Structure formats: structure tokens, C-alpha cells
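For reference, the structure discussed in these notes is given below.
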Protein chains: 2
Amino acid sequence: MGLRERKKLAARAALSWAALRLAMEHGPENVRVEQIAAEAGVSPRTFNNYFSSKEEAICAIGLDRQERVRAALLERPAEEPLWEAVITSVLEQYEGEPDREMVARVRMQMCHPSLQGEHLKARAEIERVLAEGIAERIGTDIRSDMYPSLVAAAVSSATRVAMNHWLNSEPPAELLSTLTEALRSLAAGLPQPPRRKKPSC
Amino acid sequence: MGLRERKKLAARAALSWAALRLAMEHGPENVRVEQIAAEAGVSPRTFNNYFSSKEEAICAIGLDRQERVRAALLERPAEEPLWEAVITSVLEQYEGEPDREMVARVRMQMCHPSLQGEHLKARAEIERVLAEGIAERIGTDIRSDMYPSLVAAAVSSATRVAMNHWLNSEPPAELLSTLTEALRSLAAGLPQPPRRKKPSC
DNA sequence: CGAAATATTGCGCGCCGCGCAAAAAGTCTG
DNA sequence: CAGACTTTTTGCGCGGCGCGCAATATTTCG
């Protein structure tokens, strides 16, 4: 990779990180594009060569997670059932103790109205890549077969629901177990509602 | 309901429809808020009392679908299994031949970058209402039990994937059968990839 | 090095979201 | 219906944004 491309990647990352940091510190509404550009060391005009809005920049962090999940998936042993491989690949992205920083970030991205749209767009992108990975693994293609996209969408949704539940859980739950529960429920088949700790009656 | 509230609803609907119509005719990028307001018979300033962007107005159509699905769900016989009730309630919203108009509308909302975010936000809202309906039906609540949200998310995702597949299908597929296939796959349990017409090898 | 390719920057324009306060419209009570 | 109230609409104005354009700087390649 030449100097040119490296600098572009660096600039993009710098802008994205700067956007996130400032948004975390002052709230997304109180961040000017001007500041982000300044913190990344480029002109305000250049910002828009990389992102078409500050919201996009803020949510672009973690878009590289898509490639990590995909890579993890393709490295799972071929004899492992698809579903196991997918669940494992997703879960291992969330290993380690979630720090206060991450909680605040996820909460901001998922709850702040001005970021929701972009956040969901980012999720959709991740979902697409995951679907491609699944298709590659089982030897189909996305265009003709809905199955990979369905699996990817289900996993993505379960992850989203679990994170949302985790964020609002009182008392605070564990992230990994919440995620696992959601994915396992899905795997077990949703039609049979699992009886849980808090049954209705 | 007093005159006041009726007028508000009417104004909101008028703005939303005007926004959609103009976006369909000229493309979302070429619509000014001014035009939308004019077509709805209010001042431009008033537009922003109802919607915070034209994208939001465009995607707000069909947000009432949420209530229809919910109502349909709650009217299903109580002895029917949840999953059947949900699938039926969703599918019956899509009965009838999809006209050319609808195809174009869905395609615009799902594919046009400037609308994707808002469209996904709208879906999330529908999903929330659906989850509440499910919770109400099985007698749980959303806060403590992830299950209703999981089901709602799964259904919503399957619907989205199916519509996307349907839009890009070549040759054109039937909407209802595509939707049914997606929802049934989910019901059957995703872990076992169903062997289909187009197996990979 | 020198030329071609590509990225950055400054400038400027039209549009947008929204706060504010005045005016208009609907509501309620006697 | 009068008149006081609540709520909505509207005009005005400001700061910010997204982007096209053309000039400039930087990287690439022969």
C-alpha cells in the first residue's frame, strides 16, 4: 500500500475518532464540524471528503468490526455447524470487561436521536458483510439465496436487542451473558417462548 | 377528539404525503422543504413543528402500519400459538397486489442513501410497537423480558430481508411468497439451513 | 527531475433546523 | 356570545452545513 492510501486511511480514522471523542465529551449536538477537522489536523472542507455528516463520522468507528467478525467466521473449523460458528464469532468480539467508556459510547450511539439513523445504517453495513461471510462459508451467494441474509439479520437483531436490554437493565446485567441468552434463544427457535425467571403469571 | 387534534393529524398526514409525492416525482434530493409546506398548505416554519427533516417526513408514511399490525395481533384468537398469530398479522398487511407505485416507493425508501437512516428508524419504531403487542399478548413486559423484543426484531428483520430480496429478485418474485418463505424459515429455526431450489453445489 | 494523477484547501452559495416572540386559531366558562 | 385561556401557526433571523468549483499542494511514476 502506497503512502497515499495510508494517509487516507489515517485521515479517515483520525476524523472518526475525533468526532467520537468530541461527541462523548460535549454531546453530539454541541460539536461543530470545524472542531472535528481541527482535532484531526485537516481543513473543515476536507472533512466532507471523508464523511457527509458528523453523525456518519461518529458512527463509523467500529465499522471495522465487520471485517473482524467476517474473518473470525471464516477461520472457524469447517466442520463446525454454521450456527455455532456464527455465534462464536460474534461473541468473541465482545469478550473482555466492557469499560465505562464503552457503555457510554454504545448508549450514546443507540439512544441519541440524531445518531440513531446513522447507527442503524452502520449496523446494516455490518450485517451485509456478515451475510457475505456466511454465504461464502456455506457456498451460496446472497443474490439468489435469502438464507445468509436472514441469518445475518437475525444475529444482528438479536445483538441489538441484547445490547439494548443490557443498557437498560436494572440491576446491571452482564453483557456477554445477555448476548448469549439472546443468540441461544434464537438458535433454540423463537416460536417456543422460553420460560424464564420473570414469567407473567 | 377536538378540532385541534384532528387538524394536527391532518396537517401531519398532509405534510408526509406531500413529502413522499414530491420525493417520488423529483427524487428526495431535489425537494425543498418550502415545496412540501406549500403543497400541504402551511408555512415552511410549520413543517419543522411536525418533522425535523424532510427525510423524516418522507419515511413517516406507513408509520401507522405499526398500529395496524398491533391491532391485528391482539385480535387473533387467544388459543393460536404466538408465532402463528404474529406471522399472520404481519402477512395480512401485505395482502393484495403490490402496485408499481408501492414498488417504487419501497425501493426509494430502502435504497436511497439519504433515506436509509430514517427508514431504519421508522422500522425500529414499528418494531417497538410490535414488541409491545407481543408482550401484551403473552402477558410479559418489555423491560424485564427480552423475548417479545427478540421476536419482534426477528420478524422485522425477516420482513426487511424479504422485501430487499424481492426488490432485487430477477426475475421478479412474488412479494407474499417471499415474505412467507422468510418468516417460515425463521419459524422453522435458522440453525438448519433449509435446502432450497438453488443449492450451492 | 518533470509531468500526470490525486488529495487538500479556500471560497461561496443555497438550504436547513430552530429559538423567539407576535399573531392567529381553537377551547372553555359563565 | 363575550372574553380569557391555551395551543398552534407564522415571520424573522442566525448559525451551521453540504457541496461544487477551481486553485494549490502532495504523491506517483517514468
Side-chain angles (χ1 to χ4, degrees), chain A residues 1-23 25-60 108 111-119 121-122, chain B residues 1-23 25-60 112-119 121-122:
Chain A
M1 179 184 302
L3 171 60
R4 201 151 229 164
E5 298 172 71
R6 259 183 294 123
K7 282 185 95 171
K8 285 202 77 163
L9 289 182
R12 192 183 159 86
L15 283 168
S16 195
W17 279 108
L20 178 62
R21 203 192 66 70
L22 289 167
E25 185 173 345
H26 305 114
E29 307 298 326
N30 303 315
V31 179
R32 307 296 90 149
V33 173
E34 196 177 1
Q35 296 177 278
I36 302 172
E39 184 147 330
V42 296
S43 78
R45 181 62 183 83
T46 298
F47 173 87
N48 280 94
N49 291 346
Y50 288 90
F51 300 102
S52 59
S53 71
K54 63 187 167 197
E55 289 81 12
E56 190 181 326
I58 294 172
C59 294
M108 182 180 75
C111 302
H112 207 289
S114 72
L115 296 182
Q116 272 178 28
E118 281 302 328
H119 176 67
K121 272 177 81 170
Chain B
M1 178 185 302
L3 173 59
R4 206 156 224 161
E5 298 173 70
R6 261 182 293 124
K7 282 186 98 171
K8 284 202 79 164
L9 289 182
R12 192 182 160 88
L15 282 168
S16 194
W17 279 108
L20 179 62
R21 204 192 66 70
L22 289 168
E25 184 173 345
H26 306 114
E29 307 299 326
N30 303 314
V31 179
R32 305 301 94 168
V33 174
E34 197 178 359
Q35 297 178 277
I36 302 173
E39 185 148 330
V42 297
S43 78
R45 180 62 184 83
T46 298
F47 173 88
N48 281 93
N49 290 347
Y50 288 90
F51 300 103
S52 60
S53 72
K54 62 186 167 198
E55 290 81 12
E56 190 180 327
I58 295 172
C59 294
H112 206 288
S114 70
L115 296 183
Q116 272 178 29
E118 281 301 328
H119 176 66
K121 272 176 80 172

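So that the names make sense, note that chain A is the first sequence line, chain B the second, and so on, each numbered from 1. Note that the structure is predicted; figures quoted are calculated from it, not measured. Hydrogens, waters and symmetry mates play no part in the numbers below; they use all other heavy atoms, side chains included.
- Among the heavy atoms of the strands lying under 4.0 Å from B:Y50 are primed sugar atoms or P, OP1, OP2 only; no base atom is included.
- B:K121 contributes a side-chain N or O that, together with a main-chain N or O of A:P113, makes up a donor-acceptor pair within less than 3.5 Å.
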- Message: Determine whether B:N49 and B:R45 satisfy the following criterion, side-chain contact (heavy atoms from CB on, under 4.5 Å), listing intermediate values before the conclusion.
- Response: CA-CA 7 Å; B:N49 290 347; B:R45 180 62 184 83; 3.0 Å; yes

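- Taking atom CD on A:E5 and atom C1' on C:dT8, their separation rounds to 17 Å, with Å as the unit.
- Closest contact between the side chain of B:R32 and the listed nucleotides C:dG17, C:dT9, C:dC16 involves C:dC16.
- One interatomic measurement links the two molecules: CD1 of B:I36 to C1' of C:dG17, which rounds to 14 Å at whole-angstrom precision.
- Note: CD (B:Q35) to C1' (C:dC15) measures 12 Å, nearest angstrom.
- Atom CZ of B:F51 is separated from atom C1' of C:dC18 by 17 Å (rounded to the nearest Å).
- Of all heavy-atom pairs between A:Q35 and A:N30, the closest is OE1-O, 3.6 Å.
- Remark: A:R45 in residues 39-46 of chain A come within less than 4.0 Å of DNA chain D through at least one heavy atom.
- Two residues are said to be in side-chain contact when any heavy atoms from C-beta on lie closer than 4.5 Å; A:M108 and A:P28 meet this criterion.
- Minimum heavy-atom separation, B:C59 to B:A122: O-CB, 4.0 Å.
- Following rounding to the nearest Å, B:R6 (CZ) and C:dT27 (C1') show an atom-to-atom distance of 13 Å.
- Residues B:I58 and B:E118 form no side-chain contact, since every pair of their non-hydrogen atoms from C-beta on lies 4.5 Å or further apart.
- Between A:Y50 and A:R12, the shortest heavy-atom contact is O-NH1, 3.5 Å.
- Here the closest non-hydrogen pair linking B:P44 and B:V33 is O-CG1, 4.4 Å.
- Checking B:F47 against B:L3, the closest nucleotide of DNA chain C that is more toward the 5' end is the one next to B:F47.
- The span of DNA chain D lying next to chain B, judged by atoms under 4.0 Å from heavy atoms, is bounded 5' to 3' by D:dT6 to D:dC12.
- In this structure, the NZ atom of B:K54 is 8 Å from the P atom of C:dG17, given to the nearest Å.
- Atom CD of residue B:E29 and atom NZ of residue B:K54 lie 6.5 Å apart, to the nearest 0.5 angstrom.
- If you check distances only, the side chain of A:R4 does reach the base of C:dT6 with a donor-acceptor pair under 3.5 Å.
- Nearest-nucleotide positions on DNA chain C place B:S52 closer to the 5' end than the other of B:S52 and B:K7.
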